[in-house]
Structure formats: structure tokens, C-alpha cells
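Notes follow once the structure below has been shown.
Counting from 1, the numbers follow the sequence of the chain as shown.
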Amino acid sequence: MTRQVSLKHTRNIGITAHIDAGKTTTTERILYYTGKSYKIGEVHEGTAVMDWMVQEQERGITITSAATTAFWKNHRINIIDTPGHVDFTVEVERSLRVLDGMIGLFCGVGGVEPQSETVWRQADKYNIPRIAFINKMDRSGADFNYVIEMMKSRLNANPVPVQIPVGREDTFRGMIDLINMKAYIYKDEMGIKFDYTDIPSDMLQTAKNARMELIENIANYNDDILHKYVENIEIKPDEIKKALRVLTIEVKAIPVLCGASFKNKGVQPLLDAVVDYLPSPPDMPAAKGINPQTGKEETRKISDDEPFSGYIFKIMTDPFVGRLTYCRIYSGKLPAGMQVLNTTENNTERIGRLLLMHANHREEISEAYCGDIVAIIGLKKVSTGDTICDARHPIRYETISFPEPVLSIAIEPKTKIDLDKLNKALNKLAEEDPTFKVGTDSETGQTIIAGMGELHLEIIVDRLLREFGVDANVGRPQVSYRETITKTVQVEGKYIRQSGGKGQYGHVIMKFEPNEYGKGFLFEDKIKSGAIPKEFIKPVEQGVKDAMQTGELAGYPVIDVKATLLDGTYHDVDSSELAFRIAASKAFREATLKSSPILMEPVMEVESVTPEESMGEVIGDLNSRRGKIHEINTRNKVTTIKAEVPLANMFGYATDLRSKTQGRATFTMQFKKYEPVPESIANEIIRKVKGAVAV
């Protein structure tokens, strides 16, 4: 098998946006116009190809990122359609880790909404080139210039419009191409027929001004364009495109287009822009990693001729083929049957079958190439974030860090048969989703599942029932509190046991102090002149980590602590790793009691969008939930309220908000930080926990 399309004619892109901005609708149009689908799928009808899960079709939202491949003007475009709901941010994070470019979709009415802002920051982290598409230009309240200004102020971006709309709201009928100075004028309601024609006379001056701004923006970064602009020499369309492509790949500019995907307007020019401005794999920097044998940094050129290396970014359970492992190939070729080394886990496995995915449809291939995104069958011991490569040329790429879950529920199988099925199903779901955690309550023996929000856990429970056939009772959601210390203390920890034979001896003197918020656990070894041998230092650190899993206040995990090992003693015969691990664990437990521990609660960033006349009631409701209002903006009789509210007070908010605004308000919520719980509330929580344990 040979490569279908050259590497420089390949694009690996993601489509990201806030929930309901039209990502999946736009992707469905792309599939239709590129000939991948013979019929346009609709989200509201539950027929969208990319939303193939039952739960997605019922709710009209994207839950899991779906991959597909389409062809446009001799270019191969690998597309990942990502979720917009904040509970599924992990899907966006891992997709962005392996993509070369991104289409940031914005609603023409809502502009830069909370989740689009979050995704933009994630793209900033990976320095991903992107273009923007302002959708829903036919909707009441749509305003192209308003969204451009929001991109500048909220995202700190440099948006460069390459199109401007012709008309707005119900008079929207096309776009002006500022590079070629032509207009796309649509002739029918559904955008099938259009003319690529001269600019309407009443918009000619506006278009000329906008083109001048476009050239001036590029001239700020490009000396050739600047020279021609100053000397009043004509700048050809190809020169503008070439200069803008460079700026886009360097993430110095964001080409902006517009349209109305639901009415099929603007999708073909968007595809042209993907080809014109977004990078091919060779346009991106060489992939950097660490050689696990030497610990030194190494790079892999983006080329078929380099040794094979790939990055595992997603694991899925497919009801027909079993475990699917999604892999982005950064260098070399990957034939089916190849033996690969997993440098993260340090084990070798054989590649079974290779598949190209189109949502949940599969096309088997015998070999994959550099730049491809493929699904692999046959890998058993891999996780999200692992690197697989040619065993003779090992490399390990940087893994992904995932947020900790903030909400948990107890789950119990209804019958003994369900118990076995439940355990298997939960393990598979935890493999798929790194933000989904499974554990056991040490006091009650109940199985506890934890996730990123109510919808996340609701979907998990729904999948358990439908996909895995597990019947289970589910408890009420519980907030994942944390504990931390507020004072610096020095303590001694001893573990000494004498029995008939060899005894146990571990003795440590340690200092514990509060660490900066969000910095987690920090361990420092200040042992001098071998008071404790080197081989016992790691067990001391592990002993503290063990003890941090359950705090002394209410049994919640302890966060943000700095531990310093100052001194200690050991016994030549009786000392062991276990003894020092237990001694350190005892030291931490004693320190916790002496260091004024406090309870911490997850605080959410909430953005409520409400009609202006309901603003007072919505603000009052947020205040009653211990919310802190940060920002209030009103535009077009719609008010946006930004607040920080403890998660414990957000249960039932969706229902209350709907009833207070006759169903006209919406809200989004995402985890912001942990904050101390007020003393009276903390005492009540501790009393309940200790009461439950006593029972």
C-alpha cells in the first residue's frame, strides 16, 4: 500500500466551540460537500454522523470526540469534532494534543462564550495555529464586528477578517471575499446555489476599507507586504494568502470567516481556508521527546523515512471490535503486525489491525503513515498519553495532565450477576476517560465513581445500563471536598516493633508546612551525613503520600502540603522500607492534627445568560448560593452574569434558573479552584461524616 496523499497535502484539524455554537452541524456540512456523506445529517433530528452515540443523538450534544477523514481539492483533511460541554473538556484536551490546526467556531450572537474561551486557552498551551468561523450570521442579534472585538478583548487574539458578511440577521445573504474582492451571494434559502460575483455597489467602500485593514495587519509582520503597501504597489491575492498562511502557522494571526452552517452558507470557503492557511504536518516543528534510555531530549522529523513513533491520545470500547486505541503517527510508517515498544510502560506489544475511522464506521488498512490518525486493534496495556515507537529507536513524548474529578456518586449493582458486569464495565470506562475515577469507600465498602460534573456522571450511568447491560442503583451526587493544613509544624514519627525474629525500625523527624495553592505535594530531603540511608528516602515520601489520601478532619484527600525530611535514625538489621513508610505516615497524621487543618471545597465559575428583566432574580439566586458576582454585561437586552459559586450550592440550579426566567436563561459551569469552607458549614460536614461512620 502506498500513501494516498502527500504529507504536505494533509491537514489534521479539530473543530472546537462552546456548546450549541454549531460544531457538529458545520462538520456534517463539511462531510457532505467533500462527498463523504450523501445526505446532510442534522443534530436536532438525531441523524448527525459525528454524533453516533445514542446519548449524543438523544441530547443533541457531542460527548465524545469523533474522528473522520475527508478530501477537498486534492487535500486529505483528518477532522476531529470535539464536545462543547465543559464536563467533557478532557476530550478537547487530548484531541488538541495531537492536532496541527483548529477551526475555532463562534456563535454570531453569543460571541466568545465560556467554553470557547477555555478551549482557546488549551490551544494556546499547545501553540496550535487556528482559523475562526463566525457561525449563525442569519440569527437575530448576530453581529460580526462585535464577535471580532470580543476575540481581541477576551482571547487576546489577533483576528484578521478575510471575509465580511453581506447583510445580517434575516437579511444575511452571503460573504465578501476580501482577498479576491469578490462576493458569494446565495440564491436560495438552503445555500445550494450561489454566485461568485462582483461586490454589491452599496458595500464596495466597506469592503475596500476592510481589505485595507487586512493588508495593514499583515504588513505589521511582513516586510515585503509593508514595502508594497507604503509604495502603493498592487498586492496580488496569492501574496496576501502566502503571507497570511505564514502568520497563521506562527500563531500571530487568526484568519476569520463567517457564514450560517445550518443554511449551508460559508462552508465551502471555510474548507478552502483550511487548505490555504492551516498547516500540514511538515509545517509544524519536529516532534520533541525524551530518550528513555539516556534521559536526553531527542526530536523526530515529520517524515515517513524516520523511525516509527506515535502518541496514544484516546482509548475506546467498541461493541463490535473491542478495545480501540487512537494513535497520531508523528514519524515513520506503521504496518499491521509490527512489534512496538511502549516507552511509557516499558513493554512491547504487537499491532493487530489498523483502521481509518469515520465516526463509528471503520475502514481497514494494511499500513499507516506519518501524519495519519488511526485506530489500532490489539494493544492491551496502553493508556491515554503513552508513546509507542520502534523498539530500536526509543522516544517518549510528553504526556497529558488531566484535571481531578469534582463530583462523586455511590453506585451499587442490583444483583450478584450485575456485580461482575459492573466491575468490568467501570474498568473499561475508566480506561477510556482519564477524568473518570473509580474507588471504594473504606468505611461503607460502596463503589464510588467520580467525574467532572452531573452530566458527565449521568452519561456514565446511562452507558452502564445501555452499552454494558448493568442494572444499578445510584446515590445522590456528593461533592469531592479536600483538606489542607494551615500551620507549619515539626513532628517525630516512629515505627518500632520487636517480635521473635527480625523486628521493624523506622524513625523520622519531619517538618510539614502549607504549600502554595494548586502546587500540590512537595517533598524535600534535608538528611545530612547519612542519618537515614538513601534507599529509605523514597519510602518516606511514599508514606506521606499514603497518609494524604485520607485526612484527619473528615477523611477527604489532603492537598497542597510541603514535607521536609530533617533527620531520623535507623537500625542496621531491623530497618526496612516498610518501617520508614509507616513511620512517615504516622508523622503526617500527627502533624495534621497539630497544624489547624481546614476543609476545602470546589468552587465553580458560573456564567448565566438571562433576559435583562430577570437579571435581579438571577443575581439574588446566585447570592443565596454563596456566589460572588464578578461581572455583569448587558447587550441587546440580554445580560451575562459571571460569578464564582461553591459546587455544593449548585445542585438543582438548572431547574431553578428555568423557573425564574420562564425557561429563557441558560448557564455554563466549570471548575475554577478549591477554597476554604466557612467554619459553620465545615463543622456540619464533619459532623455528618463522623455520624455516618459511627452508624
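- For I249, the side-chain contact (heavy atoms from CB on, under 4.5 Å) partners are R245, P279, D283, not counting sequence neighbours.
- Taking both residues in full, the closest heavy atoms of A70 and I79 are given as CB-CD1, 4.4 Å, listed atom of the first, atom of the second, then distance.
- Here the side chains of K288 and E297 are in contact, with some heavy-atom distance below 4.5 Å.
- For E516, the CD atom is loosely surrounded, since the number of other residues' heavy atoms within 6.0 Å does not exceed 12.
- Atom CD of E535 is surrounded by more than 12 heavy atoms from other residues, nucleotides or ligands within 6.0 Å.
- Side chains of N78 and T69: a donor on one and an acceptor on the other come within 3.5 Å.
- Here K428 does not pair with E431 in a salt bridge; the nearest charged N to carboxylate O distance is not below 4.0 Å.
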Open item on the list: Applying salt bridge (Lys or Arg N to Asp or Glu O under 4.0 Å) to E349 and K380, what does each step give before you reach the verdict?
Closed with: CA-CA 8 Å; E349 292 199 60; K380 297 278 186 286; over 6 Å; no
TODO: Please test D100 against R11 for salt bridge (Lys or Arg N to Asp or Glu O under 4.0 Å), starting from the C-alpha separation and ending with a verdict.
DONE: CA-CA 7 Å; D100 302 323; R11 302 286 182 272; over 6 Å; no
Open item on the list: Show, in sequence, the C-alpha distance, side-chain angles and deciding distance for Q504 and D574, and conclude whether the side chain to side chain donor-acceptor pair (under 3.5 Å) test is met.
Closed with: CA-CA 5 Å; Q504 294 280 10; D574 291 350; over 6 Å; no
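- Under 4.0 Å is where a charged nitrogen must lie from a carboxylate oxygen, and between K586 and E590 no such pair does.
- For R589 and D546, the salt-bridge test fails: no basic side-chain N is under 4.0 Å from an acidic carboxylate O.
- The two residues N515 and G520 make their nearest non-hydrogen contact at ND2-O, 3.0 Å.
- Other residues, nucleotides and ligands contribute at most 12 non-hydrogen atoms within 6.0 Å of the CZ atom of R392.
- Across all non-hydrogen atoms, the minimal contact from P281 to T10 is CD-O, 3.3 Å.
- Comment: R353 engages E364 in a salt bridge, judged by a side-chain N to carboxylate O separation of less than 4.0 angstrom.
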- [ ] Take W72 and V274, measure what side-chain contact (heavy atoms from CB on, under 4.5 Å) needs, and give me the verdict at the end.
- [x] CA-CA 10 Å; W72 183 256; V274 167; over 6 Å; no
TODO: Assess whether side-chain contact (heavy atoms from CB on, under 4.5 Å) is satisfied between M151 and F106, documenting all intermediate values.
DONE: CA-CA 10 Å; M151 287 179 70; F106 299 97; 4.0 Å; yes
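- F512 and F588 have their aromatic ring centers within a separation under 6.0 angstrom.
- With sequence neighbours left out, H9 forms a ring pair (Phe, Tyr, Trp, His ring centres under 6.0 Å) with H75.
- A287 and I302 get closest at one heavy-atom pair: N-CD1, 4.1 Å.
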- [ ] Report the C-alpha separation of E345 and K381 in whole Å, then their side-chain angles, then the decisive distance to 0.1 Å, and conclude whether the salt bridge (Lys or Arg N to Asp or Glu O under 4.0 Å) test is met.
- [x] CA-CA 8 Å; E345 297 295 328; K381 294 177 183 168; over 6 Å; no
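- What you find for L324 and A375 is that their closest heavy atoms are CD2-CB, 4.0 Å.
- With salt bridges taken as basic N to acidic carboxylate O contacts below 4.0 Å, none links E239 and K241.
- In this structure, L355 and V374 have side chains that are not in contact, with every pair of non-hydrogen atoms separated by 4.5 Å or more.
- For Y397, the ring pair (Phe, Tyr, Trp, His ring centres under 6.0 Å) partners are Y330, not counting sequence neighbours.
- Under the side-chain contact (heavy atoms from CB on, under 4.5 Å) criterion, S383 pairs with D386, sequence neighbours left out.
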Task: side-chain contact (heavy atoms from CB on, under 4.5 Å) evaluation trace for I537 with I527 - done: CA-CA 9 Å; I537 305 296; I527 289 291; 4.1 Å; yes
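- Using a 4.5 Å cut-off on side-chain heavy atoms (C-beta onward), L334 and I376 make contact.
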Open item on the list: Applying side chain to side chain donor-acceptor pair (under 3.5 Å) to T569 and Y505, what does each step give before you reach the verdict?
Closed with: CA-CA 9 Å; T569 57; Y505 184 94; 2.7 Å; yes
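- Looking at residues two or more places apart in sequence or on another chain, you find a ring pair (Phe, Tyr, Trp, His ring centres under 6.0 Å) between Y674 and F671.
- Evaluation of the ring pair (Phe, Tyr, Trp, His ring centres under 6.0 Å) test over residues 281-305, restricted to residues two or more places apart or in two chains, returns none.
- Minimum heavy-atom separation, K301 to S331: O-CB, 3.6 Å.
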Task: Test side-chain contact (heavy atoms from CB on, under 4.5 Å) applied to F313 and I373, step by step - done: CA-CA 10 Å; F313 69 96; I373 292 173; 3.8 Å; yes
Open item on the list: Between N158 and N217, does the side chain to side chain donor-acceptor pair (under 3.5 Å) criterion hold? Intermediate values first, please.
Closed with: CA-CA 9 Å; N158 176 25; N217 198 323; 2.9 Å; yes
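- Ring geometry for F523 versus F521: interplanar angle of 30 to 60°, hence tilted.
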- [ ] Decide salt bridge (Lys or Arg N to Asp or Glu O under 4.0 Å) for E675 and K673; before the verdict, give the C-alpha distance in whole Å, the side-chain angles of both, and the deciding distance to 0.1 Å.
- [x] CA-CA 6 Å; E675 266 189 3; K673 60 186 173 184; 3.1 Å; yes
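- We find that E513 and K511 are joined by a salt bridge, their nearest charged nitrogen and carboxylate oxygen being less than 4.0 Å apart.
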